[in-house]
Structure formats: C-alpha cells, structure tokens
Amino acid sequence: MKYSFQHKRVLVTGGASGIGKIMARLALEKGAADLVLWDINPQGLAQTQTELAPIGGKVHTYTVDVSKLEEVQAAAQQTLSDVGPIDVLINNAGIIVGKNFHEHSHADIQRTMQINSAALMHITLEFLPGMMSRNSGAICNIASQAALVSNPRMSVYCASKWAAFGWSDSLRLEMQQLKKNVGVTTIAPYYINTGMFEGVKSPVIPILDPEKTSAKIMRAIEHRRAVLALPMPYWFVRFFQAILPLTVYDWVMEHLLGIYKSMEEFKGRR
C-alpha cells in the first residue's frame, strides 16, 4: 500500500541545500502539513524557509550540528515540543573529505563517521519509538553507491556509508520481525551533481541529476522500497562483484568505467 505524505510531519536533515532542499520542497508539494529542516547552516535555512513558505504547509528550521549528540538530542526534543511527532524522517545530512587515507586528520575521520553514520542512528533513536508506538512511519537513510563499491580517495567516506547501509537495512528487518508498520528505505546513489561532489569526473556512468534523483527517492519512500540504488541497481553491483575475480573487477572499475579515477580532481563544496 502506497505511503502518503499528505498531512504528515516530515523531518529532513541537511535540508538547506542539495537534494535535502529539493526533497523538502517535494514533501510540501506532496501535501506535508509540517516540514522540519535541520542543517548546520543558519543562513541557508533562513533562505530555504523563505523560498518554501509559499508552497503551503508550515516550515520549521533548526540549526543543528548532527555530529554532536547533545545538539541532536536538544533539537529532537525541541522539534517534538514545537511540531509534534515526526511521521517521515529523511536522514540526508552528509560530508566527504576526498583525500587519500594517510592525508586525513583524526578530526576528519571522527567527523565523517559521526555525520555519515552515527548521526543517522542517534537521530532515528529520538523519533523511532514514537513511530513504533503509533505503528506508523517512514524512515529514509541516504547512503551511497560508496556503500557498495570501494574507491580511492574515499576510504573513510566509504567506511561511513558501508556502516550506514548495514545499519539501515538491519533496522528494516527488525521492523518487519516486530510487525511494525514503519518503513525503512536505504538509498545508494552514485555521484549527484551538487556542490558536494564538485570536480568529480565520471566518463562512462552519468552523474545524477539532483531533481530527478530526489523525485525517485520520494517515490521510493512512498512505495516502501527496501533499497534504491542509482543508477546501477543494488543486485547488479553485487552480482558482478560476486562473479568476477577481484583483479578483473578492479580492471573494469578503473579502466573501463573510470570509477577508481573519478576522485582525482575532486574539489567538493567550498
């Protein structure tokens, strides 16, 4: 049965830019009654709130650094007090450093793992018990195709997304076993054409369009998709990893598809 955004309270982390901002707009266009945006950028939040206000529904913004547990907990309690129970949680906030591993600082590692992995768990833990008690809700976790494919200059990012993917899909299975009507959707997109991946080169596989990707994610939530990988399906990636010898697989990824060289000119969001 299709899940509806109509009259729902929707929370999007990283909602002031990129696909987070687009998904926020789409939630309002789909009839959300309350839209809650969390982001570390107060100026971006204010601008987004102004842009989205005419669409309809109420837009609530909170400046939150999701790498800090105390801020997550405080923002969650304030959200519940101001807005009420959250029906749809989209864990979208993420970062990438884009360096060889030995060039990372300990702070780079800590912050990447906190934002891309731990934050999703802490935020979900704040709102999941309410969804379970109401036996209704939807959780969408934005992982990455980097959760399926190793890549140079992305080692810590890959680690964080592998963790997010494994946790998210395990949570889906737990909700099924507990017979709770709480959908959990894990998204594994390729590079998306936002500032986050500025400088990435992909000669064979097209870099994803933010608008189209956001629309597909929202449909995946509505249709209770377990996993949505873009543009290559989850099973497609895993199948070729299983049947090809590692040396052949590596050659294909580096020389045929160019993925292993895709981060060589990475700049990222400034």
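The analysis underlying the following values was restricted to heavy atoms, covering all of them including side chains, and did not include hydrogens, waters or symmetry mates.
- Contact record, Val12 with Gly20: CG1-O, 3.7 Å, taken as the closest heavy-atom pair.
- Note: Leu128 CG to Leu89 CG = 9.0 Å, rounded to the nearest 0.5 Å.
- Using a 4.5 Å heavy-atom cutoff, the side chains of Thr194 and Ser17 are not in contact.
- In this structure, Met132 and Leu178 have side chains that are in contact, with non-hydrogen atoms separated by less than 4.5 Å.
- Taking Lys99 as the reference, Asp108 meet the salt bridge (Lys or Arg N to Asp or Glu O under 4.0 Å) condition, with sequence neighbours excluded.
- No side-chain heavy atom of Thr213 sits under 4.5 Å from any side-chain heavy atom of Lys216.
- Between Met175 and Ile139, every side-chain heavy-atom pair lies at or beyond the 4.5 Å cut-off.
- Sorted by first and then second residue, the salt bridge (Lys or Arg N to Asp or Glu O under 4.0 Å) pairs with a member in residues 159-188 read Asp169-Arg172; sequence neighbours excluded.
- Put simply, the side chain of Gln73 never gets that close to the backbone of Glu126: no donor and acceptor are under 3.5 Å apart.
- Criterion: ILVMFWY side-chain heavy atoms under 4.5 Å apart, direct or through other members. Under it, Val184 and Leu11 are part of a common hydrophobic cluster.
- With hydrogens and angles disregarded, no donor-acceptor distance shorter than 3.5 Å links the side chain of Glu265 to the backbone of Gly199.
- Counting only distance, with no hydrogens or angles, the side chain of Asn100 and the backbone of His102 share no donor-acceptor pair below 3.5 Å.
- Cluster note: Val97 groups with no other residue, as no ILVMFWY side-chain heavy atom lies under 4.5 Å from it.
- No single ILVMFWY cluster, assembled from side-chain heavy atoms under 4.5 Å apart, contains both Ile86 and Leu28.
- Taking all atoms of both residues into account, the shortest heavy-atom contact from Ala229 to Leu148 is CB-CD1, 4.5 Å.
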Point to revise | From CA spacing to verdict: side chain to side chain contact (heavy atoms under 4.5 Å, CB included), Tyr190, Ile205 | key: CA-CA 9 Å; Tyr190 190 59; Ile205 302 173; 3.6 Å; yes

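- Within the structure, the ring-ring contact (aromatic ring centres under 6.0 Å, His included) test picks out the following pairs touching residues 133-174 (sequence neighbours left out): Phe165-Tyr234.
- Annotation: side chain of Val149 is in contact with side chain of Val237 (closest heavy-atom distance under 4.5 Å).
- Between atom CD1 of residue Ile22 and atom CD1 of residue Ile192 there is a gap of 8.5 Å, rounded to the nearest 0.5 Å.
- Between the side chain of Arg134 and the backbone N or O of Gly130, at least one donor-acceptor pair lies under 3.5 Å.
- Qualifying side-chain contact (heavy atoms from CB on, under 4.5 Å) partners for Ala118, counting only residues two or more places apart in sequence or in other chains: Gln114, His122.
- Checking side-chain atoms of Ser117 against main-chain N and O of Ser160 turns up a donor-acceptor pair under 3.5 Å.
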Practice item. Decide side chain to side chain contact (heavy atoms under 4.5 Å, CB included) for Ile40 and Val64; before the verdict, give the C-alpha distance in whole Å, the side-chain angles of both, and the deciding distance to 0.1 Å. Key: CA-CA 5 Å; Ile40 198 171; Val64 188; over 6 Å; no

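- Of the possible donor and acceptor atoms, one in the side chain of Ser262 sits under 3.5 Å from a partner among the backbone N and O of Ile259.
- Residue Met113 is found in a hydrophobic cluster whose other members, listed by chain and number, are Phe101, Ile109, Val156; membership requires side-chain heavy atoms under 4.5 Å apart, directly or through intermediates.
- In terms of heavy-atom proximity, Gly15 sits nearest to Thr48 at O-CG2, 3.8 Å.
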**Study point:** Worked verdict on Asp87 versus His7 for side chain to side chain contact (heavy atoms under 4.5 Å, CB included)
**Key:** CA-CA 10 Å; Asp87 301 299; His7 308 305; over 6 Å; no

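- Remark: Lys201 is not positioned above the aromatic ring of Phe266, lacking an NZ or CZ atom under 6.0 angstrom from the ring centre and at most 45 degrees off the axis.
- Gly14 approaches Ala93 most closely through the heavy-atom pair N-CB, 3.7 Å.
- In this structure, CE in Met218 is found 3.5 Å from CZ in Phe5, a value given to the nearest 0.5 Å.
- Distance check: Arg111 CZ to Asn116 CG gives 10.0 Å after rounding to the nearest 0.5 Å.
- Under a hydrophobic clustering in which Ile, Leu, Val, Met, Phe, Trp and Tyr are joined whenever their side-chain heavy atoms come within less than 4.5 Å, directly or via other members, Leu230 and Ile207 fall into the same cluster.
- Counting heavy atoms from C-beta outward, Pro85 and Arg9 have side chains that approach closer than 4.5 Å.
- Shortest non-hydrogen contact noted between Met154 and Ile96 is CE-CD1, 3.8 Å.
- Partners of Glu51 according to the salt bridge (Lys or Arg N to Asp or Glu O under 4.0 Å) rule, which considers only residues two or more places apart in sequence or in another chain, are Lys21.
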Considering only distance and modelled atom types, tabulate donor-acceptor pairs under 3.5 Å from the side chains of residues 245-253, sequence neighbours left out.
residue, atom, partner, partner atom, Å
Tyr249, OH, Gln241, NE2, 3.2
Asp250, OD1, Tyr260, OH, 2.8

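- In terms of modelled atom types and a separation under 3.5 Å, the side chain of Asn41 and the main chain of Gly44 share a donor-acceptor contact.
- Taken from OH in Tyr3 to NE2 in His223, the straight-line distance is 14.0 Å, to the nearest 0.5 Å.
- For the pair Asp39 (side chain) and Ala16 (backbone), a donor-acceptor distance under 3.5 Å is present.
- With hydrogens and angles disregarded, no donor-acceptor distance shorter than 3.5 Å links the side chain of Thr186 to the backbone of Val227.
- The heavy-atom pair separating Ser144 from Ala188 by the smallest distance is O-CB, 3.5 Å.
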**Study point:** Intermediate values then yes/no, side chain to side chain contact (heavy atoms under 4.5 Å, CB included), Phe127 and Leu80
**Key:** CA-CA 9 Å; Phe127 299 105; Leu80 290 169; 3.9 Å; yes

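- Residues satisfying the side-chain hydrogen bond (donor to acceptor under 3.5 Å, both in side chains) test with Glu29, not counting sequence neighbours, are Arg25.
- For the side-chain contact (heavy atoms from CB on, under 4.5 Å) test, residues two or more places apart in sequence or in another chain that qualify with Asp209 are Glu211, Lys212.
- Remark: Ala164 engages Leu120 in a side-chain contact (heavy atoms from CB on, under 4.5 Å) (not counting sequence neighbours).
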Residues 30-38, side-chain donor-acceptor partners within the protein, below 3.5 Å, at least two apart:
residue, atom, partner, partner atom, Å
Lys30, NZ, Glu222, OE1, 3.4
Lys30, NZ, Glu222, OE2, 3.1
Asp34, OD1, His60, NE2, 2.7
Trp38, NE1, Thr79, OG1, 3.3

Point to revise | Trace of the side-chain hydrogen bond (donor to acceptor under 3.5 Å, both in side chains) decision for Asn135 with Asn181 | key: CA-CA 5 Å; Asn135 198 33; Asn181 187 31; 5.6 Å; no

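- A side-chain donor-acceptor contact under 3.5 Å links Asn92 to the backbone of Thr13.
- Counting non-hydrogen atoms of other residues, nucleotides and ligands closer than 6.0 Å to NE2 of His255 gives a total above 12.
- Taking CD1 of Ile115 as the reference point, atom OG of Ser67 lies at 5.0 Å (rounded to 0.5 Å).
- Looking only at side-chain heavy atoms (C-beta outward), Ile90 and Ile221 come within less than 4.5 Å of each other.
- In this structure, Cys140 and Ile187 have side chains that are in contact, with non-hydrogen atoms separated by less than 4.5 Å.
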